[in-house]
Amino acid sequence: MFIKNTWYVACALTELEALGDKPLGRTICNEKMAFFKGPDGQVAAVEDFCPHRGAPLSLGKVCKGHLQCGYHGLEMGVDGKTVQMPGQRVRGFPAIKSYAVVERYGFVWVWPGDPTKADVAKMPVFEFFDNPAWAYGGGLYHVKADYRLMIDNLMDLTHETYVHANSIGQPEIDETPCETKVDGDQVILQRHMQGVQAPPFWQMAMSANGLDPQAKVDRWQICRFTPPSHIMIDVGVALAGQGGFDAAPEHKAYSVVVDFITPETETSHWYHWGMARQFKPEDAALTDKIRAGQGGIFNEDMEMLQLQQANISQWPERKLLMLNIDSGGVQSRRIIDRLLAQENSSEITA
């Protein structure tokens, strides 16, 4: 079960636009949806199910803002109501589901639950997307694993030492205690390492920002979970003794790892990953280089998570054990469970 009365990232706007007159079919929270641009050029989403014969509308095409079924030509409006069908009377067909969508930050956001409860004011706010002092690059992975396993992964970065040993991992991550706190619906886990050697990825970033990549640094990781499944991670290095996270920009390389985790089914999810950086924002080649490096790093997680899911699916009765390093994921799951219970309780009451 998923929290549905909330906003999830459905796709990048560029991903939809790259399809031209073809709609984008995507399952989100077990809801099969077809995304397309309506008559006014705004993105719409309807149930991926033709009311005529049940064909997936995502196999059709967009004609003058209507979604035309690729099977017999029935045309669907952005509100889920049938518009027309060649040689047939279809105006009386019952409407299919339509979903609330919003375009923001270069993404299409969807509210999979009750559209009458959709509230744009509940959209998360990120100042770096529309700020010229920042640059952003990212990508998408389809991961065959429970989305909560990705949350566990990102809220416990000790795995970097082992999964990402040749890029961002280093022994000091294991050796430095982390601090976890819960602030309302937000979970914050942070770790600060002092006077360490920067790992390869951060040496590259230091060079790009004009810093000596061999210099000792203070490194930080501050993971912030917010519902339903967004995680922003402040990451960076600063020349040792210059204030760490609070160091002046000329003494550090600082970024935010952006993680939008969208459930597909109970055992799969869409992972929109990226990095917003606060140095050399005008350098497009650097954006591409960081995107390629980050994509490679996250690809290292794919095999681990998908085979972890396979193990769990094979032996669902086996109880997994918890350590103190799991505190960020545990607290995040508790918030998800609480909000899910509240949503289900309100539906029963209504």
Side-chain angles (χ1 to χ4, degrees), residues 1-9 29 112-113 122-126 143 145-164 168-169 172-193 219-236 244-245 255-264 266-274 276 298 301 304-305 308-309 311-312 316 318-346:
M1 298 181 67
F2 309 105
I3 303 171
K4 288 193 172 182
N5 288 328
T6 188
W7 294 105
Y8 290 96
V9 170
C29 299
K122 293 181 179 179
M123 288 279 297
V125 177
F126 305 102
V143 187
D146 186 327
Y147 78 104
R148 295 171 300 178
L149 295 181
M150 181 63 83
I151 292 174
D152 295 343
N153 172 285
L154 294 167
M155 292 300 288
D156 167 26
L157 298 183
T158 57
H159 76 273
E160 289 184 354
T161 304
Y162 309 97
V163 179
H164 312 300
I168 54 176
E172 289 87 352
I173 297 175
D174 283 356
E175 298 164 359
T176 306
C178 60
E179 175 188 286
T180 304
K181 68 176 183 179
V182 178
D183 181 9
D185 286 343
Q186 182 179 211
V187 180
I188 303 170
L189 179 145
Q190 57 185 322
R191 175 183 289 107
H192 296 266
M193 294 159 270
R219 183 184 179 189
W220 61 91
Q221 299 170 322
I222 307 173
C223 311
R224 307 175 194 274
F225 165 88
T226 53
S229 46
H230 311 317
I231 296 176
M232 303 295 117
I233 308 177
D234 288 308
V235 290
F245 176 77
S255 300
V256 178
V257 177
V258 177
D259 307 287
F260 296 129
I261 307 162
T262 302
E264 180 187 47
E266 281 75 8
T267 56
S268 62
H269 64 272
W270 303 99
Y271 178 36
H272 296 267
W273 52 267
F298 288 147
D301 290 299
M304 184 63 72
L305 289 177
Q308 179 188 15
Q309 179 63 62
N311 269 345
I312 292 172
R318 297 185 71 160
K319 182 176 175 57
L320 304 183
L321 306 178
M322 297 297 173
L323 300 171
N324 61 338
I325 60 174
D326 302 307
S327 59
V330 169
Q331 294 296 341
S332 300
R333 284 181 179 238
R334 285 177 179 170
I335 289 173
I336 291 172
D337 290 344
R338 173 169 53 79
L339 295 177
L340 185 57
Q342 288 176 0
E343 185 171 294
N344 291 335
S345 174
S346 64

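Owing to the predicted nature of the structure, the values given are computational and were not obtained by experimental measurement.
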* **Residues that F225 engages under ring pair (Phe, Tyr, Trp, His ring centres under 6.0 Å), provided they are two or more places apart** => none
* Considering all heavy atoms, the nearest C223-M155 contact -> CB-SD, 3.7 Å
* Asked: Can you tell me how far CZ of F260 sits from NE2 of H230, rounded to the nearest 0.5 angstrom?
  -> 6.5 Å
* In chain order, what residues pass the side chain to side chain contact (heavy atoms under 4.5 Å, CB included) check against C29, with sequence neighbours excluded? -> F2, K4, Y8, P112, P263
* **Within-4.5 Å side-chain heavy-atom neighbours: V143 and L149** => no
* To do: Report the residue from I325, L323, I151 that forms a side chain to side chain contact (heavy atoms under 4.5 Å, CB included) with D156.
  => I325
* Asked: Mind checking whether R333 and D152 have side chains closer than 4.5 Å, heavy atoms only?
  -> yes
* **Results of side chain to side chain contact (heavy atoms under 4.5 Å, CB included) for Q221 - residues two or more places apart only** => L157, E160, I173, R191, M193, R219
* To do: Mind running side-chain contact (heavy atoms from CB on, under 4.5 Å) on V257 and L154 for me, showing each step along the way?
  => CA-CA 10 Å; V257 177; L154 294 167; 5.7 Å; no
* **E266 to M1 - nearest heavy-atom pair and separation** => OE2-N, 3.9 Å
* Quick one: do Y162 and D174 satisfy side-chain contact (heavy atoms from CB on, under 4.5 Å)? Show the steps, please. => CA-CA 10 Å; Y162 309 97; D174 283 356; 2.2 Å; yes
* Structure fact -> By side chain to side chain donor-acceptor pair (under 3.5 Å), T176 pairs with (sequence neighbours left out) none
* Asked: By salt bridge (Lys or Arg N to Asp or Glu O under 4.0 Å), which residues pair with D326, not counting sequence neighbours?
  -> none
* Only counting residues at least two apart or in another chain, list the ones meeting side chain to side chain contact (heavy atoms under 4.5 Å, CB included) with L339. => I3, D185, P227, I335, Q342
* From CA spacing to verdict: side-chain contact (heavy atoms from CB on, under 4.5 Å), D259, F298 -> CA-CA 11 Å; D259 307 287; F298 288 147; 4.1 Å; yes
* **Main-chain N/O of L340 paired with N344 side-chain donor or acceptor, under 3.5 Å** => yes
* To do: Kindly write out the residues that satisfy side chain to side chain donor-acceptor pair (under 3.5 Å) with Q308, not counting sequence neighbours, or none if the list is empty.
  => none
* Check: Q190 and F245 side chains under 4.5 Å, non-hydrogen atoms -> no
* Structure fact -> Minimal heavy-atom distance between V258 and A276, with the atoms involved, is CG2-N, 4.4 Å
* To do: State, to 0.1 Å, how close L189 and T180 come at their nearest heavy-atom pair, and which atoms those are.
  => CD1-OG1, 3.4 Å
* To do: Check side chain to side chain contact (heavy atoms under 4.5 Å, CB included) between R224 and all other residues, then give those that pass, not counting sequence neighbours.
  => Q186, I188, I222, D234
* Structure fact -> Residues at least two apart in sequence or cross-chain that pass side chain to side chain donor-acceptor pair (under 3.5 Å) with E175, listed by chain then number, are none
* Taking every non-hydrogen atom, the tightest pair across H269 and Y147 -> ND1-CA, 3.5 Å
* Do the non-hydrogen side-chain atoms of Y271 and L305 ever get within less than 4.5 Å of each other? -> no
* So how far is it from S327 OG to E179 CD, rounded to the nearest 0.5 Å? -> 10.0 Å
* **side chain to side chain donor-acceptor pair (under 3.5 Å) involving T267 - partner list, sequence neighbours excluded** => none
* **Separation between CH2 of W273 and CG of D301, rounded to the nearest 0.5 Å** => 12.0 Å
* Which residues satisfy the salt bridge (Lys or Arg N to Asp or Glu O under 4.0 Å) test with D146, sequence neighbours excluded? -> R148
* How would you list, by chain and number, every residue that makes a ring pair (Phe, Tyr, Trp, His ring centres under 6.0 Å) with H159, sequence neighbours excluded? -> H164
